[in-house]
Student: 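Before we start, here is the structure in question, set down as C-alpha cells.
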Amino acid sequence: GGEPCVGGEPRVGGEPNCVDELAVAKSPSLKEILKGEAMARQSEQSLYHLKWIYFQDRRVPIVTQNENGPCPIIALVNVLILNGRLTLPSDAIEFVTGSQLTQTLGSHLLDASDRRTGTSSDGQAASSADYQGNLEDAIALIPTLHRGLDVNVRFTGVSDIEFTRECSLFDVVGVPLYHGWVVDPQDRQLTALLADTTYNRLMEMVIEWKDDPEGNQCNLVVVEDFLETTSHQLTYQGLIELSSRMRVDELCVLFRNNHFSTLLKHKDELLLLVTDQGYLQSGVVWETLSNVEGDSVLLDCRFIAHSAPHTASPAAQQHTDYLMALSLDGGGNPGHPDTTDDVRVARTLQDNENVRVTRTFPENEDVRVARTLQENEDLYARQEREQHMLRSSRQDRDCIIL
C-alpha cells in the first residue's frame, strides 16, 4: 500500500525519489503530515501543465503556472528538477497534480533526512535533532506552498529576509531564497532610515509618521519616495548584488512582488524561468532580468533570443505544407471534385489558427486551454481525412487504363 514510487521514464536524473517506508515509520509525526488530510485538501484541486525543455543536455519537465498568484511550490520544485535533485512521477507527462507535487517534495525531504541520518556521527546528534525538528516543520508547511508564503524582506541585502518558520523550508531543502529590493548604500539618509528594518516594520513606521508628522515629515517624504520609485520591488543595487552573490549556473528562488520565480545565473546574465502557461506551446524558456524598467528579452532553451511568435505552431506548419503538397498532387482531380473545397476550407481553418497563435494574452485561461486541446484534436482529424483522400487519389490514378 501507500503512495506510488516517484521515478521512471522520462527521468530527470539522479535516483528515484521514493518514500522510504522505514524512515517514515521511524517518525510517525512525519508520516501523519505527509499523508494528512490537510495536505490533500490544499492540493487536490490543483492541476499544473508540464513543459518539456532541454537544460544542460538533459530533457526535463518544468511545472507551469495556470493562474496568477505566488505559488512558491512551482519555483521550488523547478529548481530541484533543473538541479537534477528531484524526479516527478513517471505518469506525469503532460500534467502534474498538486497532490503529486506535495507528495514528491515531501518524499524528497524524507530521503534527504534518511541520508543525513545514515552519515551522521554521535557528535552530530544535537545538530541532527535540530534538523529533524526543522524537517517536520518544513514538511508541515508544504501544503501552504500552493497558496503562498509570508516573506518579510529587509532592504540591506538580497539574502536579508526575516527568519520565519515558513522561510526555514528553503534552508531545509537547500535552495537559496533571494530578493532584489535593496537600497543603495551611497544613499546614506535612506540607508540610515531603513537600517535593519523589515518591510512590515517600515509600513508601521510610515503609519506612525503620518499620524504624528511633526518632526517626521522629512523621513516620511524620503521613505515614500523610495517606496513609490521602487514599487516593482527591484533596484539596480539588488541586481548588482544578485549577480555578484550567485555563482555561474546557480539556481535559486527569487521573491518579488509577492511572486516566487526560478532564477538562473547563466554566464554573466540573470535569467528568469518562464512558467506562464500562456507560453506552454512556445519555444520561450527564459527571460532576461537586466534592468528595473521591465525591458527584457525572451530566450529559448539554448539561451538564444526567441523570435516573435507570429508564425504557426510546428503542427500547424506541417498541416500547411501538407495542404500545398495535396493541392499540387491531387487537387482538382476530376475523380475527386470535393478535394478543392476541402483544401479551401482547411486553408480557412489554418488562417484562423494563425490568428489564434498571435494572441499573447488569452481572455480566459481555462477557455484557452480547452480551445487549444480541441483544435489540436480537430487538426489531427483533418490530417487523417486528408491522408485518406490522398491515398484514394493516388490509387485512382494508378488504376487508370491507358
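Side-chain atoms are counted along with the backbone in the values below, which use heavy atoms only and exclude waters and symmetry mates.
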Student: Whether the side chain of S282 engages the backbone of V284 through a donor-acceptor N/O pair (distance < 3.5 Å, no angle test) should be reported.
Tutor: yes
Student: Side chains of R201 and E162, heavy atoms from C-beta outward: is any pair under 4.5 Å?
Tutor: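 Of all side-chain heavy-atom pairs linking E162 with R201, none is under 4.5 Å.
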Student: Determine, step by step, whether V63 and L101 satisfy the side-chain contact (heavy atoms from CB on, under 4.5 Å) criterion, reporting the C-alpha distance in whole Å, the side-chain angles of both residues, the deciding distance to 0.1 Å, and the verdict.
Tutor: CA-CA 10 Å; V63 183; L101 287 184; 4.3 Å; yes
Student: Would V223 and W209 count as a side-chain contact (heavy atoms from CB on, under 4.5 Å) here? Give the steps.
Tutor: CA-CA 11 Å; V223 168; W209 292 341; 3.7 Å; yes
Student: State, yes or no, whether a side-chain contact exists between R245 and C252 at a heavy-atom distance under 4.5 Å.
Tutor: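 They are not in contact (no side-chain heavy atoms under 4.5 Å apart), so the answer is no.
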Student: Assign the ring pair F55 / W286 to parallel, tilted or perpendicular, where the plane angle (0 to 90°) is split at 30° and 60°.
Tutor: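 Aromatic pair F55/W286 classed tilted.
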Student: Quick one: does R256's side chain get under 4.5 Å of H179's, heavy atoms only?
Tutor: no
Student: Quick one, L220 and K210 - any side-chain contact, counting heavy atoms below 4.5 Å?
Tutor: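 A side-chain contact exists here, since the closest heavy-atom pair is under 4.5 Å.
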Student: Below 4.5 Å, heavy atoms only, C-beta onward: do L76 and L169 meet side chain to side chain?
Tutor: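 They are in side-chain contact.
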Student: Begin with the C-alpha distance, continue with both residues' side-chain angles, and end with the deciding distance and a verdict on side-chain contact (heavy atoms from CB on, under 4.5 Å) for R85 and V175.
Tutor: CA-CA 11 Å; R85 296 168 53 193; V175 173; 4.1 Å; yes
Student: Do the side chains of F170 and V151 get nearer than 4.5 Å, heavy atoms only?
Tutor: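 Answer no - side chains too far apart.
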Student: With respect to F226, which candidate in L193, L194, D187, D184 satisfies the side-chain contact (heavy atoms from CB on, under 4.5 Å) definition?
Tutor: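 With F226 as partner, L193, L194, D187, D184 yield a single side-chain contact (heavy atoms from CB on, under 4.5 Å), made by L194.
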Student: Test side-chain contact (heavy atoms from CB on, under 4.5 Å) on L82 and L273; report intermediate values, then the result.
Tutor: CA-CA 10 Å; L82 294 177; L273 183 66; 4.2 Å; yes
